[in-house]
Structure formats: structure tokens, C-alpha cells
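Note sheet for the following structure.
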Amino acid sequence: MKTVIVVHGGAWAIPDELAEASVAGVKNAVRAGDTVLKNGGSALDAVEKAVRSLEDDPTFDAGHGAVLNIDGEVELDSIIMDGETLAAGAVACVRNIANPVSLARAVMEKTDHVMLTDRGASMFAERIGTPVAHDLVTEPERKEWEHCKSYHAGVKMLFNTQWGHDTVGAVALDSFGNVACATSTGGIRNKMVGRVGDSPIIGSGGYADNRSGAVSCTGHGESILKVTLARLILFHMEQGDSSTAAAAASLQYMCERVKGCGGAVVLSSSGDWAASFTTPRMAWASIKEDVLHYGLNPKEEFTEMPK
Amino acid sequence: MLPVVVVHGGAGHIPKERAELSTIGVKEAARTGYAILQKGGSAMDAVVEAVTSMENNPRFNAGRGSVLNMKGEIEMDAIVMDGKSLASGAVSAVRSVANPVQLARLVMEKTNHLCLTAEGASKFARSMGVPEVPEESLITDYAKMRWKKNLDPDANPVECQMGKMGTVGAVAVDIDGNIACATSTGGMINKMEGRVGDTPCVGCGGYADNKIGAVSPTGHGEAIMKVTLSRLVLFHMEQGKTPEEASDLALAYMKERVEGLGGVVVVDPKGTWAARFSSLQMSWAAAQQGELHFGLYHGEDFVEPVQEHT
């Protein structure tokens, strides 16, 4: 079976000064995931690897570089799902962990549960020996947060709506025909303490099922939750839609029904993939049969052939 | 056919003497919700009040009477959803509030968010003036006994979990055709601290859409999550299935695909309702057209006038 991997670095109004770094980041991540697949690794291994790479890159709102909540702290959400068994693991509102996606995977593999939150998630992390990270807050994010704080409420809302959405994620299909997805985020800037967005919620932030495909979502979290975007896209695919058509129909529905913008990377079990968004930009990259595709602006697709 | 409210007090297998008390509780909850609907109240008011009544009833695993986690503490999850706007509110792993379902509604109505968790949810509760109740007031002797029993290394909490009816929930359609759902739970017995089940996850522990209907599920939370049970039932209804057919298809799929048992209460916009389950029992009650339907085992559908008080 031919392997495929697609990653995103968040759907939002990515400013020009972050454009280059965002594209470079998703390209690095997709290559990291592709290497795993090439070496016979599983789709789960590949999406975890790709998302870890995005979490480690301070350009993105996940792991290092995550946005700050109203108290100036980082709280992270993540999910991972195995399309073969429908097993999933998620963490919500976890602090001081560099790679929430790996903790989510541990929840899936080492507990009877699907989701752990807040202190319980931290205690579990400690028990399995996850290193504590105290350097997740970047200087640019601290400045942005302070800048935001000085705005009056109305402007802050607008700011949040336009700027806060750079969740990262990946979907992959491995050589055994299994699909997987992973999503990770710092959420939205100035969120309330304890706010859980779509990312760790199964069916919203991500879903993977060998019988249809895999999806990782990004965008306005509350809107994604209201329409359970990941599962909605896969329902359309179960009805025979292509990845592209399913993503377009679902994102359009989200716009119409709850006035929310977002994006998704989508992969069918047969390897048909899409990277779609209704926000001004979304950094994305894919590798299928050694060919790397990537883009940032609507209807943009660059191709790099293998060297 | 409108208004209608359908409630459940959890799926599982429970001893006979406790089953009867559970049936009394769901009937009372359905009457509470129905009284609101008959006075022209909203579906949201009806489901929240019905669930509040079961949270306050120590026979159910929600609010007072919730099961204890591994450390002997209570952490609760709840969700509400409004089918008109798809607005939803949820709390997860929240402590020391008597009615998590009401806190979930406040999240929906007073914040820009959908879900608040753990300490953040408590902080929000305080800011809203929701009274903090001592944890001991939520813990029943029965919950304590079952917690101790399951500390034994040989215990099987997943199996024993069913020894008490699980999650509670309600769905309703009001006279204006608006639809809502609400679900509340203490979760799984002897769960890890911070474990979040299906209940506060939109599409898993509940979903409501005026265009399709509403679902509140109960059962093995992790299995419900893996198949996003509520959204799955509604998806089948979008494809033209009746609430009963859709429920049976989704529950059969959950059993086949992830070996999970559970149950659902479902309504559609016309007021057609279903209470279906793959577990041995599910206590449920439905009120519609002046009649109260209720049951516990498969095939049961007892009917009495709604007004009659036991």
C-alpha cells in the first residue's frame, strides 16, 4: 500500500511575517512523518512524529510557542486516534509538557480511558516519566499577550477571532492500510482558565477510521465542536464523497450554520487526500509517492519532486 | 405529538430493589420536564430541570450519589445542547457543585467557550456565584462501599461499574419545535483522577439539532466516544431512519466495532421518540400527550397518566 501523510499548521489569518516560517515548519513536519512511513512505521507513529515536530517549532500554537490564557499561562489540548481499532487518547488543559501528543498516545496505550484532564493528566504524565517543560512560553507570545491585554474587550474579541487558531495536526495512511490522526494546540489566546476547545474532543478535533479515513481539524474551536467537524467530514465520505468534496461541504456547512471558519486535512483509506480551509490562510503540506505538495493561500499548491 | 420529554437514568444491570427506585426517579424526572413543557417552557429548561432532579436524587450516578474515583473523590461531567443554534455548554472533572448540568448551561450562556474543565470550571462556578458544596454532601454510603470493594486488585471496575445505573440524561422538544439535550454523570467507578468520559464531549455524550433531533446516551463511556454515538444516531436519522431504527443501528455498531454496551434516549422534530439499549437494563421514562411511558428491561413499555403521583 502506498503511504500518504498530510499535515497542517493551523487555519487562520497567518500574518506575512510568519508565512515563511509556517511553510517551512509544515514541510519539516511532513518529511519527518514521511520518513517514519518509509521505514515501515505505523500511521500512528507517523502522525505523532509529525505533530511533535510542529509542537517543537515555536512558530506554531502547540507545545513550545503555545498561546497564553487569560492568566498568562499555557494550557494544552491534544488527541491521537487509531483508525484500525478506533482507540483514541486525549489530554485537555495540561501544563508544562512539551509534547502533549505523546501524552495523549500514552493515555490511549497505557490506561483504560480515552481522555485525561488538568491535574489528573499531569499526574499521569509524571507517573510515566514525562519530562516537565518550563520553557513553553516564547518571548513573541508573551508580547502579543500583553498587547492583547491592553485592548478593550471588543477589540480583543475581534483579535481572538482572527488570530488565535493555529492548532497543528496530521493524518496518515501507512503501508498496512491503517489510518491515524493527531491534533495538538494551545487553544485561543486569552481563553478562560480550563477552556477546552475542539482539539482533544473525539469527532471534533480529529477522527480516524480505517473504514472511511482520517481528519485533523483547525479553526474556531467552538464552531468545530458545534458541528463535530471531523466526524461530519467522514460521514460525507461514507456517503461516497471524495476527501476534497467532503471537506468543502462540511466547512461550508460550518460557515452557514454557526458562522465559523476553519480548515482540515483529510485522507481517505484509499489514499485520496485534501487540505481545505475557509480562513484566509492555512499552512499545509503532504507527501504521497515521494512528491511533496504544500501551500498557504487559498487555491495554492506547490509541488516539489524528489531529488 | 409535542411537547415531549424522554429521560434515562443509565444503562447497566442492577439489583431489583435498586431498579425500582431508579424507575421512580426517572418517572419523577420526566414529569418535572413535562410540567415545564406544558406551561410553554423551553426544551432547554425541561432537560436541565429533568436532569437536575436526577442529580439531586442519590439513586443515580450524577450529582449527589456520583461514583468515586480511584482516590475516593467525586469528579463530574455534564453537557447541554440547544438544537436551534447548536450552542452547547459542558463541564468536565468538576468538583463540589451540586448540579453540574446547571453549570454546563452557564458555560453555554455566559462564556464564549463550550467546555470548561476541572479547576477552571470551579473558578467559573465561583465567579457565577454557584454555591460550592462540601464533597461529603455528594458522597453516599453506597458509593463509598462500592469504591472500597473495587480497590481490591482483583476487582473489575469496568464490569462492576454496571452495578449501579450510570449516567443520567434527557431529550425534549418544546411546543415551538425547539430541541435540546442534557447529560450528567459521576463517570466510571474508580476511574483515574482527571478521567473524562463521553458525557461532556459534544457528539458523544449528547447532541441536539432542530433539523434532525436529539440524543442523550449512557453506557461504557470510552466505547461511546470511539463511535461518537450521539452524532452517529442522528446521522442515521438524517439518512431517513426512525429514532428507533437509528438507535438500534448505532448501538449494534458500537457493540460490533468496539464491544461497547449502552443505551440512548432520542427524539425527532415531530416528537417521535425512542429509548433503546444494548445493555441488560436501562431505566427510562417518556412523557407525551398526557401519558407517561416507562420501562427497565427490553420490550417493556408501561403507560400511566402523567398526572398520577406515586
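Sequence lines set the chain letters: A, B, ... in the order given, protein chains first and strands last, and positions in each chain run from 1.
Contact record, B/G203 with A/T228: CA-CG2, 3.9 Å, taken as the closest heavy-atom pair. Closest approach of B/C201 to A/M115, counting heavy atoms only: SG-SD, 4.2 Å. Closest approach of A/I202 to B/K226, counting heavy atoms only: CD1-CA, 3.9 Å.
Taking OG of B/S92 as the reference point, atom CG of A/L116 lies at 11.0 Å (rounded to 0.5 Å). Rounding to the nearest 0.5 Å places CE of B/M225 at 13.0 Å from CG of A/L86. We find the CZ-CD distance between B/F235 and A/Q239 to be 4.0 Å, quoted to the nearest 0.5 Å. In this structure, the separation between CD1 on A/I201 and OG1 on B/T228 is 12.5 Å, given to the nearest 0.5 Å. Note: A/T117 OG1 to B/D77 CG = 9.0 Å, rounded to the nearest 0.5 Å. Atoms CZ and OG1, from A/R195 and B/T117 in turn, are 12.5 Å apart once rounded to the nearest 0.5 Å.
The local environment of CD in A/E126 is sparse, with at most 12 non-hydrogen atoms from other residues, nucleotides or ligands closer than 6.0 Å. Applying the 6.0 Å contact sphere to CD of B/E259 captures no more than 12 heavy atoms from other residues, nucleotides or ligands.
Of the listed residues (B/G194, B/G120, B/S88), the one with the most heavy-atom contacts under 4.5 Å to chain A is B/G194. The candidate from B/E238, B/K211, B/K191 with the greatest count of non-hydrogen atom pairs under 4.5 Å with chain A is B/K211. For chain B, the option among A/S122, A/S204, A/G120 with the highest count of heavy-atom pairs below 4.5 Å is A/G120.
In this structure, chain A has heavy atoms under 4.5 Å from both the backbone and the side chain of B/V202. With a 4.5 Å cut-off on non-hydrogen atoms, A/E75 does not touch chain B at all. For a residue to count as touching a neighbouring chain, one of its non-hydrogen atoms must lie under 4.5 Å from one of that chain's; by this rule A/N69 does not touch chain B. Of the two parts of A/T85, only the backbone, made up of N, CA, C and O, holds a non-hydrogen atom closer than 4.5 Å to a non-hydrogen atom of chain B. With a 4.5 Å cut-off on non-hydrogen atoms, B/V227 touches chain A through its backbone and its side chain both. A/M192 touches chain B through backbone and side chain together, each having a heavy atom under 4.5 Å away. Looking at B/S122, there are no atoms closer than 4.5 Å to chain A (heavy atoms on both sides), in backbone or side chain. For A/V227, the parts lying under 4.5 angstrom from a heavy atom of chain B are both the backbone and the side chain.
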Inset, instruction - Run the numbers on A/K226 and B/D82 for salt bridge (Lys or Arg N to Asp or Glu O under 4.0 Å), then give the verdict. - result: CA-CA 10 Å; A/K226 287 175 185 175; B/D82 172 357; over 6 Å; no
Inset, instruction - For side chain to side chain contact (heavy atoms under 4.5 Å, CB included), just list the numbers for A/E238 and B/Q239, CA-CA rounded to whole Å, side-chain angles, deciding distance to a tenth of an Å, and then say yes or no. - result: CA-CA 12 Å; A/E238 286 170 16; B/Q239 305 297 308; over 6 Å; no
Inset, instruction - Step by step, work out the salt bridge (Lys or Arg N to Asp or Glu O under 4.0 Å) result for B/R257 and A/D209. - result: CA-CA 11 Å; B/R257 190 78 197 266; A/D209 182 350; 2.9 Å; yes
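With B/H113 contributing its side chain and A/K191 its backbone, the two residues share no donor-acceptor pair below 3.5 Å.
Counting heavy atoms from C-beta outward, B/E119 and A/V193 have side chains that stay 4.5 Å or more apart. Proximity of B/M188 to A/D112: side-chain heavy atoms (C-beta onward) are nowhere separated by under 4.5 Å.
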